[in-house]
S.K.: 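Can you read through this structure? Questions will come right after.
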There are 2 protein chains.
Amino acid sequence: MSGQDNVRPDTARRVLAAVEELGYRVHAAAASLASGRTRVLGVIVVSTDRYSSAALGVGIQQAAAANGYTVSTAAVADHASAEAFLEAFDRLERQGAEGIILGVPLELESPAMRARTERTPATRSERTSLEEDAPLAVDQRAIARLAVEHLLDLGHKTVWHVSGDDYWTETQQRSEAWEQTLRDRGIVPPPLIPADWTPESGYRAGRTIAAIPEATAVFVSSDEMAFGLIRALHEAGRSVPDDVSVVSVDDIALAAYASPALTTVRQPFEAMGRAAALRVIAQIEGHEAVGEMPSTDPQLIVRSSTAPPRSVS
Amino acid sequence: MSGQDNVRPDTARRVLAAVEELGYRVHAAAASLASGRTRVLGVIVVSTDRYSSAALGVGIQQAAAANGYTVSTAAVADHASAEAFLEAFDRLERQGAEGIILGVPLELESPAMRARTERTPATRSERTSLEEDAPLAVDQRAIARLAVEHLLDLGHKTVWHVSGDDYWTETQQRSEAWEQTLRDRGIVPPPLIPADWTPESGYRAGRTIAAIPEATAVFVSSDEMAFGLIRALHEAGRSVPDDVSVVSVDDIALAAYASPALTTVRQPFEAMGRAAALRVIAQIEGHEAVGEMPSTDPQLIVRSSTAPPRSVS
DNA sequence: TTGTAAGCGTTATCAG
DNA sequence: CTGATAACGCTTACAA
């Protein structure tokens with residue numbers, strides 16, 4: 001049954017026939033008790049219905065299935081404490097997960113995490129900084145740079161920034177890169193406008209922006225927020241992109257159907273999920289890589305929410 | 001350790017101290033081999049990044065965690081065959097799932113499924129017809145009725161329908177109810193316009209509708225499609241809701257931020273997920289219900305994409 | 001209240 | 001190539 005070849009064909013046939021006849025099925029718990037392997041991948045996610053989590057999940061599932069792994073998910077509340085994450089980690093470990101993918105902003109470098117990752121491999125799925133986990137992560141700084149430079153190249157004098165939830169590490173990384181990119185061009189960054197990923201928070205940020213006549217270009221940290229932001233701008237009588245250009249991040253399925261269609265920096269969530277899963281699997285099995293690693297480079301998608309500023313056009 | 005009370009306090013303390021000191025943790029596989037229980041819930045989902053799946057998932061996780069269950073997910077490709085679903089079911093069973101939630105249009109009544117559900121309880125998570133699984137499912141017919149009647153009550157002469165993917169059972173149920181509701185008011189239903197849940201398909205349907213001057217009211221089977229549809233209408237120079245009213249289904253997070261904000265029939269996905277999980281858990285544990293059952297009634301949310309027809313207003 | 005022992009259903013090793 | 005047997009780490013029933 002395990003597919004070894006030191007069995008007489010006839011015997012194998014007889015065994016398989018018996019399996020069929022008796023409806024025999026291996027008992028996973030017994031098998032993993034005996035073999036010491038579970039082939040279970042754990043995933044920690046924050047309890048959210050955001051597009052990014054869902055898309056990430058399909059990538060993870062895909063890679064897991066392709067390699068004979070099964071995935072077990074533990075959800076923690078949004079904004080949960082580090083302790084809650086560690087607890088989820090322990091739950092997953094106890095349940096037999098051989099490797100764990102963190103879809104949450106859990107610092108891999110803390111002592112508590114270090115202790116854990118020594119016995120069971122773990123990786124940040126998305127939004128990992130380049131330093132933390134070399135060449136497979138999505139470079140959040142590149143995302144911000146792509147967005148800001150697109151706007152600047154269009155002729156805008158400066159770029160405002162609506163950031164995501166502070167809780168997430170990529171928020172800070174993008175903010176820093178936004179600031180840096182502006183400074184590199186000799187521009188003093190305007191004050192940052194904080195938000196929290198939700199369309200509602202984007203809407204609120206939009207009202208703030210609308211009250212600033214000189215704001216002509218905005219870099220918003222997610223498409224979801226961009227929807228809210230644009231709505232607020234329209235309500236204030238400011239046209240997008242004629243009065244203000246906006247570029248966001250993610251390229252969710254609906255981005256192309258916003259009014260106007262969003263110019264956005266695509267994050268390849270599925271590929272990121274696949275890459276994360278392949279990475280832990282490689283660690284579990286102790287080799288370098290499984291299959292080919294999907295590319296996770298962010299990409300600027302230019303649509304209709306950006307244009308040169310009025311004065312220039 | 002199992003929390004029984006027939007132990008001298010002092011002994012318990014000593015045991016717990018040892019647990020702590022040695023870093024002892026129960027081995028789940030060994031435990032479930034011995035006890036015959038895994039406390040694992042299986043979920044079969046189609047591999048998609050749609051909002052509904054994600055939201056459903058958070059509900060399932062919530063109820064599972066609250067009852068000490070862990071969830072294991074198996075993804076199947078969208079439009080997969082019934083065999084693929086059955087295979088996923090088997091995979092989950094083999095892995096020890098004590099109950100399975102189907103987030104897919106798998107007929108529970110087929111002989112193959114019957115054979116399986118006899119040994120491990122299963123339930124359709126979402127989109128279940130009332131007949132199949134009495135009072136906890138979402139009544140797809142009520143959804144269609146709510147939408148169509150709202151439009152008719154506004155004064156529209158008839159209502160066109162853009163349906164979801166045929167693959168899903170709720171598609172047919174909604175189409176039937178749309179048709180029935182019209183007939184009940186003595187209206188002959190116009191031809192149905194088929195689509196497949198994606199914004200793209202909604203866009204295509206929108207072009208079709210735009211070419212029909214007498215169409216003033218549309219019932220679209222998902223918010224995602226409504227985004228595409230409205231975009232197409234606008235491109236054709238038809239205003240929403242002035243020229244055509246549209247009501248959709250789901251009330252996704254972005255529905256309120258569409259232009260115009262969508263009038264939609266809300267499906268309480270999280271509650272549905274919670275209800276589904278509670279249902280299987282109840283079956284597993286052999287009692288009637290665990291905790292209070294969340295209500296899963298659909299609800300019409302009136303926003304700005306509907307209005308009386310021009311001729312009437 | 002505590003200690004003991006018999007499984008649970010596999011895998012893996014080893015002698016034939 | 002085949003068959004027998006000892007773990008794997010826990011739960012549970014029962015004896016003390």
Side-chain angles (χ1 to χ4, degrees), chain A residues 1-42 67-70 72 74 87 89-100 116 118-121 281 284-286, chain B residues 1-42 67-70 72 74 87 89-100 116 118-121 281 284-286:
Chain A
M1 285 189 67
S2 56
Q4 298 200 12
D5 58 344
N6 53 344
V7 193
R8 204 188 308 150
D10 175 61
T11 313
R13 212 180 21 68
R14 270 164 44 228
V15 171
L16 264 4
V19 164
E20 183 69 21
E21 187 185 332
L22 303 171
Y24 170 84
R25 340 184 44 184
V26 314
H27 184 115
S32 71
L33 176 58
S35 69
R37 300 237 22 209
T38 58
R39 298 194 82 84
V40 167
L41 245 42
N67 289 279
Y69 282 78
T70 234
S72 181
E87 226 166 74
F89 197 103
D90 293 343
R91 218 153 61 222
L92 252 14
E93 257 187 331
R94 204 166 39 225
Q95 216 228 109
E98 298 188 65
I100 293 179
R116 276 157 243 249
E118 257 168 42
R119 49 173 192 267
T120 118
I281 291 175
I284 292 169
E285 303 183 348
Chain B
M1 285 190 65
S2 56
Q4 299 199 10
D5 58 345
N6 53 345
V7 192
R8 202 188 308 150
D10 174 61
T11 313
R13 212 179 21 69
R14 269 164 44 228
V15 171
L16 264 4
V19 164
E20 183 69 20
E21 184 184 333
L22 303 171
Y24 170 84
R25 341 186 42 182
V26 313
H27 183 116
S32 69
L33 177 57
S35 70
R37 300 234 25 206
T38 58
R39 297 194 83 84
V40 167
L41 245 44
N67 290 279
Y69 283 78
T70 233
S72 182
E87 223 166 77
F89 196 103
D90 293 343
R91 218 153 61 221
L92 251 17
E93 255 188 331
R94 204 166 38 223
Q95 217 229 113
E98 297 189 63
I100 293 178
R116 274 158 245 250
E118 257 167 41
R119 48 174 193 268
T120 117
I281 291 174
I284 292 169
E285 302 182 349

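Chain naming here is simple, since letters A, B, ... match the order of the sequence lines and numbering starts at 1 in each.
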S.K.: Quick one: does any side-chain atom of B/Gln95 pair with a main-chain N or O of A/Ala28 as donor and acceptor, under 3.5 Å?
M.R.: no

S.K.: What are the two closest heavy atoms between B/Gly42 and B/Leu92, and how far apart are they?
M.R.: CA-CG, 3.8 Å

S.K.: So if I take residues 10-31 of chain A and measure heavy-atom distances to DNA chain D, which residues fall below 4.0 Å?
M.R.: A/Thr11

S.K.: In whole angstrom, give the distance that lies between atom CZ of A/Arg94 and atom P of D/dG9.
M.R.: 17 Å

S.K.: Considering only NZ, NE, NH1 and NH2 on the basic side and carboxylate oxygens on the acidic side, decide whether B/Glu20 and B/Arg13 come within less than 4.0 Å.
M.R.: no

S.K.: Report the end-to-end axis angle of the helix from C/dT1-D/dA16 to C/dG16-D/dC1; each axis comes from five terminal pairs, and the value is rounded to 10°.
M.R.: 40°

S.K.: Nearest whole angstrom, please: distance from the C1' of D/dC10 to the CG of B/Leu33.
M.R.: 8 Å

S.K.: Under 3.5 Å, is there a donor-acceptor pair between the side chain of A/Ser32 and the main chain of B/Ala29?
M.R.: no

S.K.: Any idea which heavy atoms bring B/Arg25 and B/Gly23 closest together, and the distance?
M.R.: CG-O, 3.2 Å

S.K.: Show, in sequence, the C-alpha distance, side-chain angles and deciding distance for A/Ile284 and A/Arg37, and conclude whether the side chain to side chain contact (heavy atoms under 4.5 Å, CB included) test is met.
M.R.: CA-CA 10 Å; A/Ile284 292 169; A/Arg37 300 237 22 209; 3.9 Å; yes

S.K.: Hey, where on DNA chain C does chain B first and last touch, going 5' to 3'? Cut-off is any atom under 4.0 Å from a heavy atom.
M.R.: C/dT1 to C/dG9

S.K.: Any idea which heavy atoms bring A/Tyr69 and A/Val40 closest together, and the distance?
M.R.: CD2-N, 4.0 Å

S.K.: Closest heavy-atom contact between A/Glu98 and A/Thr38?
M.R.: OE2-N, 3.0 Å

S.K.: Which is more 5' along DNA chain C, the nucleotide nearest B/Arg8 or the one nearest B/Ser35? Just name the residue.
M.R.: B/Arg8

S.K.: Do A/Arg116 and A/Asp90 have side chains that approach each other closer than 4.5 Å (heavy atoms only, starting at C-beta)?
M.R.: yes

S.K.: Go through the steps to decide whether A/Arg39 and A/Glu285 satisfy the test salt bridge (Lys or Arg N to Asp or Glu O under 4.0 Å), and finish with yes or no.
M.R.: CA-CA 10 Å; A/Arg39 298 194 82 84; A/Glu285 303 183 348; 3.8 Å; yes

